[in-house]
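Let me begin by presenting the structure, written as C-alpha cells, before commenting on it.
Per chain, numbering begins at 1; letters A, B, ... match sequence-line order.
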Protein chains: 2
Amino acid sequence: MKNKHNTTLKDIANHLDLSISTISRALHDHPAIKQETRELVKATAKRLDYYPDTTARNLQKRSTNTIGVIVPEIRHFFFSSAIDGIEDIAYQAGYTIFVAKSNEDYGREVLNTRSLVSNRVAGLIVSVAQTTKNGDHLTALKRRNIPVVLFDRVLDDVEACKVVVDDYKGAYDSTTHLIESGYKKIAHLAGPSHLKISMERLKGYRAALRDAGYKFKEELVVHVELDELHGTTGTKKLLALPQVPDAIFAVNDPVAIGAHKEISSRGMKIPDEIAISGFSNNPSTEIVNPPLTTVDQHGYKMGQVAAQLLIEQIEQGAISQHPRTEVVIGELIIRGSSRKS
Amino acid sequence: MKNKHNTTLKDIANHLDLSISTISRALHDHPAIKQETRELVKATAKRLDYYPDTTARNLQKRSTNTIGVIVPEIRHFFFSSAIDGIEDIAYQAGYTIFVAKSNEDYGREVLNTRSLVSNRVAGLIVSVAQTTKNGDHLTALKRRNIPVVLFDRVLDDVEACKVVVDDYKGAYDSTTHLIESGYKKIAHLAGPSHLKISMERLKGYRAALRDAGYKFKEELVVHVELDELHGTTGTKKLLALPQVPDAIFAVNDPVAIGAHKEISSRGMKIPDEIAISGFSNNPSTEIVNPPLTTVDQHGYKMGQVAAQLLIEQIEQGAISQHPRTEVVIGELIIRGSSRKS
DNA sequence: TATAAATTTACAAACGATTGCACTTTATTT
DNA sequence: AAATAAAGTGCAATCGTTTGTAAATTTATA
C-alpha cells in the first residue's frame, strides 16, 4: 500500500527493460530515440505517476529554476502586489519563487540571503529592510554569479539592477497639484531621514515649492515613522502650529490616512479647510471619505519589471555589467481630499 | 577573477589535505572528528566562502526543508496575511516557502502542484481556486507521503488537515448583532452558491433569523460575486425592493464596502437608515466612514496554524491518519456601521 | 614492548538525473 | 555480398552531499 518512494527513471527503465538514458532522452523528445519508444516511455511514465525529481536535475545542471524574493513584510499591500507581479512573470518563464521576509531586520535579511544562496537560487529580488545600511551580503553575490535586482527600497552602494518609483517626481507632482489647487501653506509629513525614499520625496516637495515661488519653511516639515499612528501624531504637531497649514503632503498612504483621521476627528473639513495627499495608492485611499489623492506606485508593475530584469540576466548567464535602473513613474491620482468642490 | 564555481566540500578537502567525509563531519560537529580539526575546517570553510549546496543535500536525503504554498491571489489582504503567518512559522522551524498562485484557475493550480511536487516540497499548504471542484491533485499527494493542509477555501472531499474560520458562527453572530441592535429587515448579500464559505455564511444568517423568531424572506438574499463592484450592484437590487431592508449582512468585506459606497452615494445614513456588516476585517473596513462592522478572520493566525499543522506532520514523517480541522473563531468587531448612535 | 582499545580519518556507495561516447542493429549503397 | 552510413540504445561518469564500514593512527594496558 505505502508506496514509499517516488518513481524514478530507473523504475521506468526496469519496467520496460530499457536503459535509464533512453528513458531520460525519450521523455525529452531527444531525436535519437524512435517515436515508438518515446510514446511507450511516456505512457509508462504517466502510468507509474512519474514526476521528475527537480532536486536531482538541479544538482546535475548546477543551476535551478528558482528565484528568491526577500521583502521586509508580506502583508503590506505594496509588497504583496510586487510579489504578485514577480510570481506572474516568473510563472510564465518557468520559474518558481521562494519568498522570505526580513521583518525589517537586517540580521534576518542576511540569514535569508544565505539560505537562498544555499538553495542555489538562480537570482534574487530584494527590497531591503529599514535597518539595512550595508549591502555587502548582496554585493557578495556577484562573485557567485547570482544576479540581484533591488526594488523600491534600494541601496545606492550596491551595484545591481534596480526598479524604483520616481519619488522625486511623484512628490513634485503631488505638491505642485496642491499649489495649483490654491493651497498656500503646504506642510509635509516626511519619513525617517535615513531612508532614501523619504529624502527624495522631501526634495521633490521642496523643489515644487521653489518652482512655484513659495518659501520653504522648516517648521512645516515633520518627520515621522511610516505608519498611520505616526501620521496622526505628526498631524497633531502640524495643527498646533501658530500658522496652521491648509494642505498636507504625506510621505505615504498610512501616514496620510493617519492625518485624515486626525483631521476628520476634529471636525475639520477636507479638502476645504485642509487638503491631504499621500503616496502609494493603497486600497484604503479609495475608501476614506473623501478619498485620498495619492501617487500610484504600481507595486504589481514594479514586481513584473524586477522579475523581467532578473530573468534576462539569468537567461543570458551573466550579470549586467552596467546595471540598469528602471524608474517607474508614479501616477498622480487626484481624488476628493485635495479637490476643492 | 571570475570564480565560476561555488566552493564545495572537495575544495576544502583539497586545501587541507583531508578527505571529503572528514570535512562534512567536521562541519556537522560529528563526535568522531577532533576539536582541532573541526575548528580548522570551519575556519577554512568560512575563508573559502563555503555555502553548503542544499540541492545536493536534498538529493542525498531524499527530502527538503521546503514548504509549498498555493493561493488564489497574493495581493488580497487575507491571503498575504496568511502567507505572512506561514512564513513566520516556517522560518522559525527552518523551512523555506515556495509561493505559487493559481489566479483562481483550476488548471494553474494543478500545474503548480505538479511543479512543487517535482521540487520535492516537504508539504503543501493550499487555499483552492474558485474554479476548483475536484481535489484529486491534492488527494494524490498522500501516496507520495506529502502532507497537505488546506485553509479557508477547503474542499470537503479531500482528506487532509484544514484550517477554517467558523463561517457559520461568524455569520450567526453578525446577524444576531444586527437583530439585537434593533434592525428588522435584514438582507444578505450572499456569495456564489458553489462556494462552501458562502453557503455556511448563508446558513448562519438563516439560523440567526430563525432563533430570533424572524421570518426568512427569499427576496432579501441576493447572490453576488465576491468583489466590491458586485457589492454595489447587489445593493442596488436590494434598495429597489418594495420593502427596503434596514440592514445588510454582506458575505465579505469588499461586497460590504460596495454596499457602503452605494448607500452613501444615495445620501442614506449609515447606520441610522441602514446598517451594514461585512466579513474578514480587511484594513479598508476601518477606514470607511462610518467604519464597518465585520468578522475578523485572522488571516495571519490561520497561516500560522496551517504551518504548524503541516510541520507537525512533516516532522513526524507521517500524514495524520485522522486529519484535524482547526476552526478559528472569527471575532465579531462591532463598529459604526451597525451601531445606532 | 606487544597488544588491545579507543580515537581519528578515508574509501566508496549511494541519491536521481543528464550526456558524451561507444556500441549494436538495421538500412543503404556499390 | 560486402562495406558504409544511419539510427537506436546502453555504459559510465558526473553533480555535491551524506554515511556505513574499513583502515590507520594514537593511546592505554598488560
Quick one: is C:dC15 close enough that its OP1 or OP2 comes under 4.0 Å of any side-chain N or O from B:Arg62?
no
Any base atoms under 4.0 Å from B:Ile20, or only sugar-phosphate, or nothing? Heavy atoms, all strands.
base
Between the side chains of B:Gln304 and B:Gln308, does any donor sit under 3.5 Å from an acceptor?
no
Let me know the distance between CG of B:Asp29 and C1' of C:dT8, rounded to the nearest Å.
15 Å
Over all strands shown, is A:Thr55 touching base, sugar-phosphate only, or nothing at heavy-atom distances under 4.0 angstrom?
nothing
Side chain of A:Ala32 - closest among C:dT8, C:dG16, D:dT9:
D:dT9
When you measure from the side-chain N and O atoms of A:Thr22 to the phosphate of D:dG10, is any distance below 4.0 Å, counting only OP1 and OP2?
yes
Among C:dC15, C:dT9, D:dC15, the nucleotide that comes nearest once only the side chain of B:Ile33 is considered:
C:dT9
When you measure from the side chain of B:Gln60, which nucleotide among D:dT9, D:dT17, C:dG16 comes out closest?
D:dT17
For the pair made of CG in A:Leu18 and C1' in C:dT24, what is the distance, rounded to whole Å?
14 Å
What is the separation between atom CG on B:Asn14 and atom P on C:dT9, rounded to the nearest whole Å?
17 Å
In whole angstrom, give the distance that lies between atom CG of B:Asp53 and atom P of C:dC15.
18 Å
Does the C:dC11 base have a donor-acceptor partner in the side chain of B:Ser21 within less than 3.5 Å?
yes
Verify the contact: side-chain N or O of A:Tyr51 to OP1 or OP2 of C:dA17, cut-off strictly under 4.0 Å; return yes or no.
no
In this structure, how many angstroms lie between the P atom of D:dT14 and the NZ atom of B:Lys10, rounded?
8 Å
Hey, can you tell me if B:Phe151 and B:Phe78 have their rings parallel, tilted or perpendicular (30° and 60° cut-offs)?
tilted
Would you say the base of D:dG20 and the side-chain of B:Arg25 have a donor-acceptor pair closer than 3.5 Å?
yes
Rounded to whole angstrom units, what separation is found between the NZ atom of A:Lys61 and the P atom of D:dG16?
15 Å
Which residue lies toward the 5' end of DNA chain C, B:Asp17 or A:Pro52, if each is placed at its nearest nucleotide?
B:Asp17
Tell me whether the OP1 or OP2 atom of C:dC11 has a side-chain N or O from B:Ser19 closer than 4.0 Å.
no
For B:Asn6 and A:Arg144, does a side-chain donor sit closer than 3.5 Å to a side-chain acceptor?
yes
Presence of B:Ser24 side-chain N/O under 4.0 Å of D:dT18 phosphate oxygens OP1/OP2:
yes
CD1 of B:Ile23 versus P of C:dC11: gap in Å, rounded?
12 Å
Can a side chain N or O of B:Lys34 be found less than 4.0 Å away from OP1 or OP2 on C:dT9?
yes
How long is the line joining CG of B:Leu9 and C1' of D:dT19, in whole Å?
13 Å
Is the ring centre of B:Phe98 less than 6.0 Å from the ring centre of A:Phe98?
yes
Please tell me if the side chains of A:His194 and A:Gln130 come closer than 4.5 Å, counting only heavy atoms from C-beta onward.
yes
When you check the side-chain N and O atoms of B:Ser21 and B:Ser24, is any donor under 3.5 Å from an acceptor?
no
